[in-house]
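These values consider heavy atoms only, across backbone and side chains, with no hydrogens, waters or symmetry-generated copies.
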Number of protein chains: 2
Amino acid sequence: MMPDLDDIDRRLIAILQQDGRRSFKDISEETGVPASSVRYRVQRLEETGTLQIVGVADPLRIGFDRLALIGLKCEIGKARQVCEELSKRAETSYVVLTTGPFDVMVEVVCRDVAHYTEFLHEVLPTVDGIVHTETFFVLEAYKLAYGWGVGDSGTPTPPAEA
Amino acid sequence: MMPDLDDIDRRLIAILQQDGRRSFKDISEETGVPASSVRYRVQRLEETGTLQIVGVADPLRIGFDRLALIGLKCEIGKARQVCEELSKRAETSYVVLTTGPFDVMVEVVCRDVAHYTEFLHEVLPTVDGIVHTETFFVLEAYKLAYGWGVGDSGTPTPPAEA
DNA sequence: AATGAAATTTAAACCAT
DNA sequence: ATGGTTTAAATTTCATT
């Protein structure tokens with residue numbers, strides 16, 4: 001994997017977080033690190049999975065009008081397998097195991113209410129171990145720091161600031 | 001703003017979601033759209049806020065071990081300004097206005113529990129309009145937005161420990 | 001708005017340290 | 001792992017439709 005990051009790595013990440021297409025030469029000039037080293041390091045960061053440079057689309061602007069967070073309560077001992085199952089679904093963009101009143105929190109990205117309804121009433125019931133759900137519809141997204149996976153070709157996708 | 005996206009826009013987005021540094025010439029060859037048009041469109045998508053090309057670092061690999069979701073209840077009419085304020089903070093990676101028991105849901109990325117504690121007890125109280133908070137610590141992240149291993153229907157993301 | 005072709009800049013490959 | 005050099009490739013600008 002990746003040992004630890006040094007200061008240069010952190011600066012490179014910080015710069016690319018703001019603009020993923022900044023040229024290596026630009027970055028070189030800003031940091032004083034030779035362009036070839038910038039290139040070498042960024043490549044390594046990508047190879048180790050530490051950094052990914054991706055296009056992040058705002059779902060609300062590309063036809064996915066219904067974002068929702070769903071809190072799940074699960075049967076004892078089944079939360080992890082629920083996470084595994086839900087992670088496989090294209091509709092989910094975020095699946096985490098949590099402490100607190102909910103065992104699992106999921107974000108789903110749907111085209112419309114009908115799509116969401118189908119997910120809630122047709123898909124979720126097929127997942128073993130879920131005992132209760134509570135939905136928080138997203139009315140406005142102020143800060144979305146991640147992207148959603150690409151759907152099949154031609155299907156719109158992901159998120160940014162809204 | 002942006003009118004609606006056509007099929008070409010969607011293809012460009014889908015390609016850049018997988019690799020934000022794909023050259024416009026490459027994309028041109030894959031899609032049959034002239035390189036200058038690819039550039040023209042991508043620029044428009046960025047200018048309108050539909051697409052952002054950014055470096056996304058895995059928080060768990062760069063020293064941010066504590067992810068948490070926080071549900072907020074706000075004073076009537078103040079939820080939006082709470083969102084605005086929280087979006088400005090570096091600790092937040094996700095800020096949305098929601099329906100349901102919480103008015104706002106926030107994700108924070110912290111270095112450790114002390115960092116989280118400071119956010120909860122020092123930062124949040126300075127934001128006007130918040131009346132109640134409820135924290136869900138993320139124990140394990142199964143699928144984080146930008147999905148490592150983006151693909152069509154959800155390549156299961158390696159459960160990242162939180 | 002969208003394209004094509006030019007000049008300019010950048011990235012990739014290579015090699016040495 | 002870094003830094004320099006060269007060659008091939010991509011980006012940008014600008015003119016055209």
Output the rounded distance in Å from [atom1] ([X]) to [atom2] ([N]).
X       : N      : atom1 : atom2 : value
A/Glu46 : C/dA11 : CD    : P     : 13 Å
B/Asp9  : C/dA1  : CG    : C1'   : 12 Å
A/Asp26 : C/dT10 : CG    : C1'   : 10 Å
B/Arg41 : D/dT11 : CZ    : P     : 17 Å
B/Asp19 : D/dA10 : CG    : P     : 13 Å

Report which part of the nucleic acid A/Ser23 touches: base, sugar-phosphate, or nothing (heavy-atom distance under 4.0 Å, all strands).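 Sugar-phosphate: the residue A/Ser23, judged by heavy atoms under 4.0 Å, touches backbone atoms but no base.
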Categorize B/Arg22 for me: base, sugar-phosphate, or nothing, with a 4.0 angstrom heavy-atom threshold over every strand shown.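 Nothing, no nucleic acid heavy atom in range.
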Proximity to the side chain of B/Phe24 - top-ranked nucleotide from C/dG4, D/dT11, C/dA1: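 The answer is D/dT11, which lies nearest to the side chain.
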Check against side-chain contact (heavy atoms from CB on, under 4.5 Å), B/Tyr142 and A/Thr92: CA-CA 11 Å; B/Tyr142 283 80; A/Thr92 62; over 6 Å; no
5′-ward residue of the pair A/Lys25/A/Ser36 relative to DNA chain C: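 Checking each residue's closest nucleotide, the 5'-ward one belongs to A/Lys25.
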Using a strict cut-off of less than 4.0 Å between a Lys/Arg side-chain nitrogen and an Asp/Glu carboxylate oxygen, indicate whether A/Glu29 and A/Lys25 qualify as a salt bridge.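 Result for this pair is yes, salt bridge flagged.
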Please work out whether the ring planes of B/Phe102 and A/Phe136 are parallel, tilted or perpendicular, with thresholds of 30° and 60°.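 Parallel, since the angle between the ring planes stays under 30°.
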Taking the inter-plane angle between the rings of A/Tyr94 and B/Tyr94 on a 0 to 90° scale, is it parallel (under 30°), tilted (30 to 60°) or perpendicular (over 60°)?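 The arrangement is parallel - the two ring planes meet at less than 30°.
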Should [X] be listed as having a side-chain N or O under 4.0 Å from OP1 or OP2 of [N]?
X       : N      : result
B/Arg21 : D/dA10 : no
A/Arg39 : C/dT10 : no
B/Tyr40 : C/dA1  : yes
A/Ser37 : D/dG3  : yes

